[in-house]
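To start, the structure itself, in structure tokens.
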Protein chains: 4
Amino acid sequence: MNLRERKTAKKKEDILRSASLVISRKGFRQTTMEDIAAELLMTKGSLYYYFKNKEELLFYCHEQILTTVLDKLRKIKQQDSSSSEKMKAAIKIHLDTAIREREIFNLAVKPEQIFSSDYADVIVQKLDEYAELFDQLILHGVQKGEFSVSQKKMARMIILGAANWIQVWYSPEGEFSKEEIEQVYADYLLKILT
Amino acid sequence: MNLRERKTAKKKEDILRSASLVISRKGFRQTTMEDIAAELLMTKGSLYYYFKNKEELLFYCHEQILTTVLDKLRKIKQQDSSSSEKMKAAIKIHLDTAIREREIFNLAVKPEQIFSSDYADVIVQKLDEYAELFDQLILHGVQKGEFSVSQKKMARMIILGAANWIQVWYSPEGEFSKEEIEQVYADYLLKILT
Amino acid sequence: MNLRERKTAKKKEDILRSASLVISRKGFRQTTMEDIAAELLMTKGSLYYYFKNKEELLFYCHEQILTTVLDKLRKIKQQDSSSSEKMKAAIKIHLDTAIREREIFNLAVKPEQIFSSDYADVIVQKLDEYAELFDQLILHGVQKGEFSVSQKKMARMIILGAANWIQVWYSPEGEFSKEEIEQVYADYLLKILT
Amino acid sequence: MNLRERKTAKKKEDILRSASLVISRKGFRQTTMEDIAAELLMTKGSLYYYFKNKEELLFYCHEQILTTVLDKLRKIKQQDSSSSEKMKAAIKIHLDTAIREREIFNLAVKPEQIFSSDYADVIVQKLDEYAELFDQLILHGVQKGEFSVSQKKMARMIILGAANWIQVWYSPEGEFSKEEIEQVYADYLLKILT
DNA sequence: CATGAATGAGCGTTCATTCAT
DNA sequence: CATGAATGAACGCTCATTCAT
């Protein structure tokens, strides 16, 4: 990748970052291309030099975040530690992403409602892998006797649902620090599995 | 309330019911006044006789649902049963509402993002009361020695968050019946409090 | 058809007439919805009350003109007169339409380039019928010994092509009257068939 | 003209050739500067070094084609052959150009609709000369007794109109070869003049 | 000279809202 | 009361054009 290409790649990332920011503030439907451009001190026409339409831009916002969080999750799975420790780590990662990426992470919830099928397929596949990784963590814990839970899928949905909700009320200025919250959530949610 | 007023009130309720339905199907932003009117075999102009604009219509949709669910919750609180039983009942009520009213219930999440401040204030107040009722259930359980939880607010957020998430994956045609799900969720979430 | 519907139908026709006018002046691609609306002293948004998009509006412009001219042509075919007389009458009809409907009539030429397939199919079918009627006139003339022409299809293309071209140079203020032109064209083009 | 100038001139011709090609494929209004640049493996910015805007580029496309075809026509006029032979040759040249340059040739039809007046004037002048050459061919034929036609201008319009129309239906894969078509057209159109 | 990048005006379309009848 | 009709602001998107490098 030469200088030019690096510059373009960098700009694309800038746009994605700004877009994620604005979308988290205003919500996806309310965010216009003009809003995103304004955040970057560009005109909306310029955005189309980098992304072919609003949908594509949004897609890459998701893709980037999901790819990053998936990577982190895969590493946790390969760690050499107890299932409880791994699950706690996974929950913390999830909380961290949910807090930092708010809206974007949340939207991934029903991709078919937002994306045309080509994009939705990719998102769905990543979400499936994400869920699968959690399911494996639970399964291994059960097999090793650490966890005891009969409805594994529902347990996973409860854990992820609870964690996603953090976006609704977390605020940096709140009563608890991010780290405290992550600790308490991890501890409490672990109770479901035991 | 004379006949005319009763007729108008009845019509308003019809509109709210239909609006809730359509919004749950298509999502709030995607639902046009025309969609709502079509469901009622009216024309969109007529809606403006009953509600002064789309925001007001949406507000009353929320208000109605929140009022209903609050009523149910208050009754549970006054029941003569154990805290565990009350909490399980509350969770089931919440799940039931989340499933039946999907979108509407979900929107209540961030009222400031959707409503201008006058409306938002009312919604926020009801949501606060809703949270307060849950907190009281937890507190009483702790006082009676049934529950054991130090971070009461976070426990409540976890429970409600997990329950809200049900919308994302519940389907009438799914593997589990609504009643099974409610039972499992109630059981699992109770673990957090003990 | 009650009063309301008649009013709407009338308005639709008004719009089609105005649209045809503006398109003939400026050409299809250069004509904006705003142009058409302005001609009618409306705003462009209102057009969408009557037609679902620009393509549909244009389609009906064509459909109307083609239907009218086809009707006239069918009647000529059934006349009780010589093939020469019929052909002359047909040419005059064609010239008359080409002059009065200029651009619209011209655009019908390559429907696939302008319309999406559903609309294009209808136009193509009408154009085919139009061509077929001319071909029958030629064929009957040959069978009756009035005409003598081996390449019937090319003869038809030559006749229609020449007639279409009238749009390019005809002007009401020109040297010749419309009737004179029609007479001369009909006479000269008949020579091709004999 | 030094080397640099020759290079530039060559490049300009390349651009005109490619532009004509793309425009014939996609139509003038649908052809973007980007399309033209892509065909030449350039970027659209570069086109502006050679032509000051899209209109100028289009103008030279026309100018080039019209100049070429005018040259051919002048040579035919000076040939030492009968008026019929000359006219047939002229018709074939016209058909050949109409087929090869489709869109461009067609656009010349109403220059005022496409070009600002300075450019339009030049085009109109060339078109006038083109028509004049045809008129002279007809006139000489009449004077020599080969042709017999009272409305010379209309005869010319008929001939050119019919010939232009060839674009609408000619296809290299069609039933007849280009040469066959040219022969039939020339024969049939000559009938008008006799 | 050529290019990548940016711009801005304009277009088709949607939709909440208004209002005369 | 209800409706048909109209409005206008806003949005996503395109593209000819410009310009620093």
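Quantities reported herein were computed from a predicted structural model and do not represent experimental measurements. To find a chain, count down the sequence lines: A is the first, B the second, and so on, and within it residues start at 1.
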key: Cationic tip of Lys54(A) above Phe28(A) ring, under 6.0 Å, 45° of axis   = yes
remark   = Interatomic distance, CD1@Ile15(C) vs OH@Tyr49(C), rounded to 0.5 Å, equals 11.0 Å
query = Which of these, Arg17(B), Arg25(B), Lys26(B), sits in a salt bridge (charged side-chain N to carboxylate O under 4.0 Å, His left out) with Glu39(B)?
reply = Arg25(B)
task = May I ask you to check whether His62(C) and Phe115(C) place their ring centers less than 6.0 Å from one another?
result = yes
task = Would you mind listing every salt bridge (charged side-chain N to carboxylate O under 4.0 Å, His left out) that reaches into residues 115-126 of chain D, with sequence neighbours excluded?
result = none
Please report the shortest heavy-atom distance between [X] and [Y], naming the atom on each side.
X	Y	value
Thr97(B)	Ile65(B)	CG2-CG2, 3.9 Å
Glu101(C)	Ser24(C)	O-OG, 3.6 Å
Ala19(D)	Cys61(D)	CB-SG, 3.9 Å

key: Interatomic distance where CZ belongs to Arg29(D) and C1' belongs to dG10(E) [whole Å]   = 13 Å
task = Let me know the distance between CD of Glu55(C) and C1' of dT13(E), rounded to the nearest Å.
result = 14 Å
Which atom pairs, donor and acceptor, lie under 3.5 Å between side-chain atoms of residues 40-48 of chain A and protein residues at least two apart or in another chain?
unit_1: Thr43(A); atom_1: OG1; unit_2: Ser46(A); atom_2: OG; d: 3.2
unit_1: Ser46(A); atom_1: OG; unit_2: Thr43(A); atom_2: O; d: 3.4

ask   = Can you check whether Thr32(C)'s main-chain N or O pairs, donor with acceptor, with Asp35(C)'s side chain at less than 3.5 Å?
value = yes
ask   = With pairs taken as Watson-Crick or G-U wobble and both distances under 3.5 angstrom, which stems of at least three consecutive pairs involve DNA chain F?
value = E:2-21 with F:2-21
task = Could you pull out all residues at least two apart from Tyr50(B) that satisfy ring-ring contact (aromatic ring centres under 6.0 Å, His included)?
result = none
task = Quick one: label Arg4(B) by what it contacts on the DNA or RNA (base, sugar-phosphate, nothing), any heavy atom closer than 4.0 Å.
result = sugar-phosphate
inquiry  = Under 4.0 Å, counting only non-hydrogen atoms across every strand here, what does Thr8(D) touch: a base, just sugar-phosphate, or nothing?
reply    = nothing
ask   = Which two nucleotides bound the region of DNA chain F that has atoms under 4.0 Å from heavy atoms of chain C, read 5' to 3'?
value = dG4(F) to dG8(F)
ask   = If each of Lys52(C) and Asp35(C) is mapped to the nucleotide of DNA chain E with the nearest heavy atom, which maps nearer the 5' terminus, i.e. the 5' end?
value = Asp35(C)
ask   = Which comes earlier along DNA chain F counting from the 5' end, the contact point of Glu34(A) or that of Gln30(D), where each point is its nearest nucleotide?
value = Glu34(A)
task = Scan residues 41-50 of chain C against DNA chain F and write down, sorted by residue number, each residue with any heavy atom closer than 4.0 Å; if none is found, say none.
result = Met42(C), Thr43(C), Gly45(C), Ser46(C), Tyr49(C), Tyr50(C)
